[in-house]
A.B. asks: 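I am attaching a structure below and will ask some questions about it afterwards.
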Amino acid sequence: SELSKKLDTIHYAESAHIGFAGKQSIIFSDYRKIDSIATNKELLHFAKNGSNSLRFYSLKSLVMRKDIEKMVAKFKLLV
């Protein structure tokens, strides 16, 4: 998807707000959009094949969905 392509070129992660003034992070906003529409299977694909940023955010989403154990067992993600 277009959203995943944006994050696939970035090799770092940001929190929701960045900098001294607490400006909203565009990178984090893109992650939230992906999180809201991606299936667990898509997130797993990103976690295995994406940039550092995309892998981090995808794993974060899987953990927050409490699905990481099932995904690790099913796809041997961390092997």
Side-chain angles (χ1 to χ4, degrees):
S1 75
E2 283 300 312
L3 286 172
S4 66
K5 286 180 186 176
K6 286 182 185 179
L7 288 180
D8 205 29
T9 61
I10 298 170
H11 296 284
Y12 58 92
E14 295 180 344
S15 61
H17 301 299
I18 57 173
F20 182 72
K23 179 181 174 188
Q24 186 173 6
S25 166
I26 294 171
I27 293 169
F28 192 83
S29 293
D30 287 343
Y31 149 67
R32 298 289 294 179
K33 290 174 190 169
I34 290 171
D35 182 52
S36 70
I37 60 174
T39 65
N40 287 350
K41 189 172 183 177
E42 290 170 322
L43 290 171
L44 178 67
H45 173 78
F46 298 149
K48 291 176 83 174
N49 301 298
S51 67
N52 291 342
S53 177
L54 195 51
R55 288 194 327 254
F56 171 80
Y57 287 129
S58 297
L59 285 170
K60 178 179 176 162
S61 292
L62 289 168
V63 168
M64 295 305 290
R65 294 178 183 188
K66 299 183 180 175
D67 204 39
I68 192 69
E69 292 89 6
K70 185 170 71 175
M71 291 289 117
V72 168
K74 184 174 181 181
F75 295 100
K76 298 180 182 164
L77 178 64
L78 301 176
V79 177

A.B. asks: Mind checking the NZ-CG spacing from Lys60 to Asp35? Nearest 0.5 Å is all I need.
C.D. replies: 9.0 Å

A.B. asks: Only counting residues at least two apart or in another chain, list the ones meeting side chain to side chain donor-acceptor pair (under 3.5 Å) with Ser53.
C.D. replies: none

A.B. asks: So do Leu43 and Arg65 actually touch side chain to side chain, heavy atoms under 4.5 Å?
C.D. replies: yes

A.B. asks: Under the side chain to side chain donor-acceptor pair (under 3.5 Å) test, which residues partner Ser51, sequence neighbours left out?
C.D. replies: none

A.B. asks: Considering only heavy atoms from C-beta outward, does the side chain of Ile18 approach that of Ile27 to under 4.5 Å?
C.D. replies: no

A.B. asks: Only counting residues at least two apart or in another chain, list the ones meeting side chain to side chain donor-acceptor pair (under 3.5 Å) with His45.
C.D. replies: Asn49

A.B. asks: With no hydrogens and no angle check, is any side-chain donor or acceptor of Ser36 less than 3.5 Å from a backbone partner on Lys33?
C.D. replies: yes

A.B. asks: Could you state the interatomic distance from CD (Gln24) to CD (Glu14), rounded to the nearest 0.5 Å?
C.D. replies: 11.0 Å

A.B. asks: Supply the atom-to-atom distance Leu54 CG to His11 NE2, rounded to the nearest 0.5 angstrom.
C.D. replies: 10.5 Å

A.B. asks: Where do Ser25 and Ser15 come nearest, in terms of heavy atoms and distance?
C.D. replies: CB-O, 3.2 Å

A.B. asks: I'd like to know if Ile37 and Ile26 are part of one continuous hydrophobic network [Ile/Leu/Val/Met/Phe/Trp/Tyr, side-chain heavy atoms within less than 4.5 Å].
C.D. replies: no

A.B. asks: Which ring pair (Phe, Tyr, Trp, His ring centres under 6.0 Å) pairs, counting each pair once, include a residue from residues 15-44, with sequence neighbours left out?
C.D. replies: Phe28-Tyr31, Tyr31-Tyr57

A.B. asks: Could you tell me which residues satisfy side chain to side chain donor-acceptor pair (under 3.5 Å) with Thr9, sequence neighbours excluded, listed by chain and number?
C.D. replies: none

